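In what follows, a single structure is set out as structure tokens and then discussed.
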Amino acid sequence: MDYNFNEIEKKWQAYWKAKKTYKAENKSDKPKYYVLDMFPYPSGAGLHVGHPLGYIASDIYARYKRHKGFNVLHPMGYDAYGLPAEQYAIQTGQHPAVTTEKNIARYREQLDKIGFSFDWDREVRTCDPDYYKWTQWTFIQLFNHWYNKNTDKAESIAELVKIFEKEGNRNINASCTETAFFTAEEWNSKTEKQQQEILLNYRISYLSDTMVNWCPQLGTVLANDEVVGGLSVRGGYAVERKSMRQWSLRISAYAERLLQGLENLDWSDSIKEIQKNWIGKSVGAEVKFCLTPVHTKSEETKPHGYTTNTTDWYALRNDARKMRKEPSEAEKILWKSVKDNQLGCKIRRQQVIFNNIADFVCLSKKLIIQIDESISKNENESASVVELNKIGFSVIRFTNKEIIDNIESVIEKIKLKIDTKILSSVNEQGELIIFTTRPDTIFGVSFMVLCPEHEMIAQITTSEQKQAVADYLLWTKNRSERERQSEVNTVTGVFTGAYAINPLTNQEIPIWISDYVLAGYGTGAIMAVPAHDSRDFAFARHFKLPIPQVILPFGEEAEDTANWKESKDSKEGICINSGFITGMNVKDGIKAVIDFLEEKGIGKRMINYRLRDAIFSRQRYWGEPFPVYYKEGMPYMLDETELPLELPAVDKYLPTESGEPPLARAENWHTQEGYPLECNTMPGFAGSSAYYLRYMDAHNEKEIFSKEANTYWQNVDLYIGGAEHATGHLIYARFWNKFLYDLGLCVKDEPFQKLINQGMIQGRSNFVYRIVGTNKFVSSGLKNEYETQSIHVDVNIVDNDILDTEKFRLSLPDYANAEFILENGKYHCDWSVEKMSKSLYNVQNPDDLVVRYGADTLRMYEMFLGPLEQSKPWDTKGIEGVFRFIRKFWKLYHNEENNLCVTDEAASPQELKVLHRTIKKIQDDIERFSFNTAVSSFMISTNELTEMKSHKRDILQPLAILISPYAPHLAEELWQLLGHNESISFAAFPELNEAYLVENTFNYPISFNGKTRFQMEFAADVPIAEIEKTVLAHADAQKWLEGKLPKKVIIVPKKIVNIVI
RNA sequence: GCCCUGGUGGUGGAAUUGGUAGACACGCAGGACUUAAAAUCCUGUGACCAUUGCGGUCGUGCGGGUUCAAGUCCCGCCCGGGGUACCA
């Protein structure tokens, strides 16, 4: 064979490996450039043809930058923790580390065959203890820091404690879970455990109760995308919402910085947009709505401080005193944990409230704690509870057994209740607080809506509506999350009977409850403006509530809203029927209303973010263990010297019988002192959040990375990977990086300066048509003559949409006796573009292509397919063309006998022009990541040089460097044949000399009324007037003018001549 | 629904700033070489009309507009892909 790619590629891959050609040094006089790929999860299926697409692009860029004199960091590693390996382990009992190791070996083999210039000395694997030691270390840092909103950065918890000791928490402006105020004295008098509990509210990694998708049959928590239609994707088991105590990361603290940081990043608009939406910043106002006096009247008649009336007090006080003296065992235990302000507020026992004796009560938080023998379901709806709710008390119940068995969890539940009581949008004066982005529409409010979980519901519901409300709340509670989301268009809700007062109009407005208002956003309560919000509109129509119009879009007349089919969500327009803002435009109206509210103290500017804290626990085996142990139920971090905390051996990779995560199966899973270790493991994004930093100094045993290495490499200059990570990895990594930046560990506050998302590679499927009920297959063109069904056929036995019928017969036993109805002796298949999948028989293996055509051809072909960022079908049809080109390129340097035929003759101006045009084009194309057009221009130049029979060193030597990033093996071989002893990898990129490109003539297209008719050549320096004269005199021009005089002649130098008739 | 993308020959795509639409490649058709095949090379290849030659008309999802000139800019739609979803 003339061009023996097999031998050449093997030779150079071995050379690069032996010489460590692509090893990057952390010190260099050269400027740095950091090119990174999203590292792969090594699945059992091996490398997919989609993977190399991005890797080839980044490799071309990395190699180009080396030629341009940069010190390039281009590492690769493995995102090795993941579900498939764990799933396989559960099924087969094989340790996931074994499968993972095997898959990595296969990936490495495949990667090596494509000729990437990775610095393998820096390889990382997220499941390697030497690597995850630093993931654990970072977790400890997250635990030991809190977010100070005043300085807008993470600061040390130790320093925070010092402030608490000196002045309590009143002056702290933190991003934290709502916490009651305490003084220095109160802090200092708290127990260690109480202090730890409070600190969890501040820590950036913290434990909290979170709603999760719990699957009892699988014994695990599922991610949202693992649940479809309320059932688990795997197994189809029922999934329920359940509250679990889990680790979370306070990413919400960074919401504003994550949003602002996008501004200066060189990322595609679509990814920036996705992240912006994910962060979901809304600017608006919080507004207080007073409740009407009717519903607070009963409380007003009561002297302050009394919790009941005189009659009941005398009737019950002796009972209460007696019960205080003779507490049950459960009461004793609970009292021990709540007395003396231990929960941050005063709790009394056996207190007369209304006409009952409450077991325990916190008067300041209006919380009653009842202890019963058992809890029946209807207890919460009982008459006494409803009465208590009416006067603002909420009731939390426990059984004797719960208290005796697990006081820790009981206290946690009480604590949570106390904390959320403060969060509640009811304040002591009986006001409802809502969040709105459109304060300008406040004159158009015709009702209020509370979420079904709203604290205030029990308090405000009138006795007439009590039953209806209770029914509705029960209904929403039993409705699954899935139903709620899929039935978005169904309007449901109930009236509470209560009214609020619009602070601007003093009108009474009814308060409703509906599950279209979400508990987790804003205050869980809204002011409804039906004329200008589609959801409010639907609700108003359904319940026949008024729809007053208050915004008039520009250029419209006011009209009767009764005729509207939908709301006008007018973001622009003029305020009408709106008191003092009538006549203002929307923007001014918003400002005027907020100013008014702030002045009167009934509202304030407020910003809300949709971004939620990231749940960081997984009830899985195959992940990083947390460096956490528990003492008295409180989490503590291991000492750094004990890292890494290695993943323990377990007998089975399943949850325990009691539903604990797999790590609970491990023997001796506790510290030396005997404290139990955390049984959850970290999620997938833990290991991938800072891997780009670790590459800078991958084997540092003392630090996550050295200051010097980070100062040199800074951050990633070019990051290539899939867009599917937009709201996962790409946002967590930015958060993680900003945190390390706050700690002064890394020098850049953004990790990835430029991001390119390679498009998805789709599959191209082929179909055959079987005549129904037979084993006869009909060619595509004749299928309409029969009743047929289409069947996917393996694309590997179809060439150019022509089926290899023999191979088809052999492919499945069923087809062994297949008969065919052919067209012109051929069986034509149909095709379509679908996702690439085994089940659709359209998977293409890159290995086969490397064997058949070589890595250089594969590399160039993947680039030639089309723009990097666009999704495109994978079709190997065109690879022949690229293969032909590569051999043609080889022949520029070789004669018929395949001997080098490069001469030292001086190059002609035409040859130099081809070379320099190519230099210019290739350089431009690489720099704007247009690799497909670069391959085209290589083809054009090669065609031209072949035509010129050009074999001159002056041309071919620079040309080898130009093609080296694309076809590195070929380039190395040619470089060596040209007499060089060093690798071509660091040869200087050819210098462009524009002088060779100067054209002294230009072939003008001559157009009439914009339509090109013919061409004329002019010297480059001919004056415009002369061109006009010559063109108009031309016979062809005369023909098109038809004797008329041109109205106008437009001549754009070196572009076009246009004659207007 | 909202947001982001994209829509150009039989196919992948090119046209970078408004200036000759379809570069380059695949496929197809015809031809050369060959006993034959592979490989290689040559010619043609958007559609329609005219082909004896010169040619002509239409054409970048659809309908309008701006301009001497629109695939490219503006307005209104249609379709595909991705993201997101009662976020007030």
Side-chain angles (χ1 to χ4, degrees), chain A residues 1-2 268-278 280-282 284 434-438 441 449 451 484-485 487-491 514-518 520-529 532-536 538-539 566 569 608-612 723-724 726-727 757 759-760 762 764 800-801 831 833 861 864-867 869-882 884-885 887-888 891 921 924-925 928 930 932-933 935-940 943 1003-1015 1046-1052 1054-1061:
Chain A
M1 199 195 298
D2 44 7
S268 75
D269 286 344
S270 74
I271 292 281
K272 284 189 185 181
E273 206 60 36
I274 290 170
Q275 291 214 344
K276 272 183 205 163
N277 292 340
W278 193 255
K281 180 179 183 176
S282 308
I434 58 95
F435 173 72
T436 179
T437 54
R438 292 293 301 274
T441 59
V449 188
C451 64
R484 204 181 63 77
Q485 283 190 14
E487 293 164 22
V488 161
N489 295 324
T490 324
V491 177
S514 176
D515 66 357
Y516 85 80
V517 175
L518 303 179
Y521 186 77
T523 60
I526 60 153
M527 60 176 212
V529 186
H532 307 292
D533 180 282
S534 58
R535 297 152 305 179
D536 297 345
F539 194 84
E566 55 185 12
D569 301 357
N608 266 304
Y609 299 92
R610 210 178 62 114
L611 185 72
R612 292 286 107 94
E724 67 273 19
T727 55
N757 300 110
M760 274 203 318
Q762 297 153 311
R764 188 182 188 278
N800 232 329
D801 294 334
W831 62 272
V833 172
Y861 181 60
F864 186 62
L865 271 180
E869 301 188 68
Q870 226 165 276
S871 288
K872 56 228 152 195
W874 176 254
D875 186 357
T876 49
K877 221 164 56 178
I879 200 169
E880 291 281 348
V882 175
R884 262 172 230 159
F885 153 74
R887 278 178 299 166
K888 200 165 177 180
K891 280 184 188 156
K921 178 80 176 144
D924 280 5
D925 284 352
R928 61 191 179 98
S930 177
N932 56 327
T933 52
V935 176
S936 292
S937 70
F938 277 125
M939 290 173 170
I940 294 168
N943 289 345
N1003 200 15
Y1004 278 89
I1006 313 298
S1007 57
F1008 293 80
N1009 289 338
K1011 282 185 205 295
T1012 306
R1013 295 303 176 181
F1014 60 95
Q1015 282 158 19
K1047 279 194 192 129
K1048 208 177 182 183
V1049 178
I1050 290 137
I1051 297 170
V1052 183
K1054 289 191 180 169
K1055 280 270 161 70
I1056 202 167
V1057 175
N1058 191 19
I1059 298 160
V1060 187
I1061 309 171

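First the proteins, then the strands, lettered A, B, ... as listed; each starts at 1. Everything quoted here is computed from the prediction, not taken from an experiment.
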Base partner of [N], which must satisfy Watson-Crick or wobble distances under 3.5 Å:
{"N": "B:rC86", "result": "none"}
{"N": "B:rC68", "result": "B:rG19"}
{"N": "B:rU51", "result": "none"}
{"N": "B:rG80", "result": "B:rU5"}
{"N": "B:rG27", "result": "B:rU45"}

Out of [options], which has the shortest distance to the side chain of [X]?
{"X": "A:F435", "options": "B:rG13, B:rA88, B:rC4", "answer": "B:rA88"}
{"X": "A:I526", "options": "B:rA88, B:rA85, B:rU20", "answer": "B:rA88"}
{"X": "A:L865", "options": "B:rG12, B:rU84, B:rU16", "answer": "B:rG12"}
{"X": "A:R928", "options": "B:rU20, B:rC87, B:rA15", "answer": "B:rA15"}
{"X": "A:S282", "options": "B:rC68, B:rU5, B:rA88", "answer": "B:rA88"}
{"X": "A:T727", "options": "B:rG19, B:rU84, B:rC24", "answer": "B:rU84"}
{"X": "A:V1052", "options": "B:rA88, B:rG19, B:rC26", "answer": "B:rG19"}
{"X": "A:T436", "options": "B:rA88, B:rC24, B:rA15", "answer": "B:rA88"}

To check you understand the geometry: which heavy-atom pair defines the closest contact between [X] and [Y], and what is its length?
{"X": "A:I271", "Y": "A:A726", "value": "CD1-CB, 3.8 Å"}
{"X": "A:N1058", "Y": "A:G1010", "value": "OD1-N, 2.9 Å"}
{"X": "A:P867", "Y": "A:N932", "value": "N-ND2, 3.6 Å"}

Check the phosphate of [N] against [X], side-chain N and O only, distance under 4.0 Å to OP1 or OP2. Yes or no?
{"X": "A:N932", "N": "B:rA14", "value": "yes"}
{"X": "A:R535", "N": "B:rG1", "value": "no"}
{"X": "A:R884", "N": "B:rC26", "value": "yes"}
{"X": "A:N943", "N": "B:rA25", "value": "yes"}
{"X": "A:R887", "N": "B:rU40", "value": "yes"}
{"X": "A:S534", "N": "B:rG1", "value": "no"}

Roughly how many Å is it from [atom1] in [X] to [atom2] in [N], rounded to a whole number?
{"X": "A:E880", "N": "B:rG12", "atom1": "CD", "atom2": "P", "value": "19 Å"}
{"X": "A:I879", "N": "B:rG12", "atom1": "CD1", "atom2": "P", "value": "17 Å"}
{"X": "A:I1056", "N": "B:rG18", "atom1": "CD1", "atom2": "C1'", "value": "11 Å"}

Would you please test A:T727 and A:I274 for side-chain contact (heavy atoms from CB on, under 4.5 Å) and show each step?
-> CA-CA 7 Å; A:T727 55; A:I274 290 170; 3.5 Å; yes
Mind telling me if B:rG9 is syn or anti? Syn here is a glycosidic angle within 90° of 0.
->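 It is syn.
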Rounded to whole angstrom, note down the P distance from B:rC24 over to B:rC42.
->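 Taking atom P in both B:rC24 and B:rC42, they lie 13 Å apart.
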P atoms of B:rG71 and B:rG82, separation to the nearest Å =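 My reading of the P atoms in B:rG71 and B:rG82 gives 30 Å.
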Students often get this wrong, so: under 4.0 angstrom with heavy atoms, is [X] touching a base, only sugar-phosphate, or nothing?
{"X": "A:N1058", "answer": "base"}
{"X": "A:I1050", "answer": "base"}
{"X": "A:D924", "answer": "nothing"}
{"X": "A:S936", "answer": "base"}

A:S930 and A:T933: side chain donor to acceptor below 3.5 Å =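 Yes, side-chain donor-acceptor contact under 3.5 Å.
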Residues A:N608 and A:S282: side-chain donor-acceptor under 3.5 angstrom =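 A:N608 vs A:S282: no donor-acceptor pair found between side chains.
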Kindly indicate whether the side chain of A:K872 and the base of B:rU11 share any N or O donor-acceptor pair separated by less than 3.5 Å?
->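 Checked by distance alone, the answer is no.
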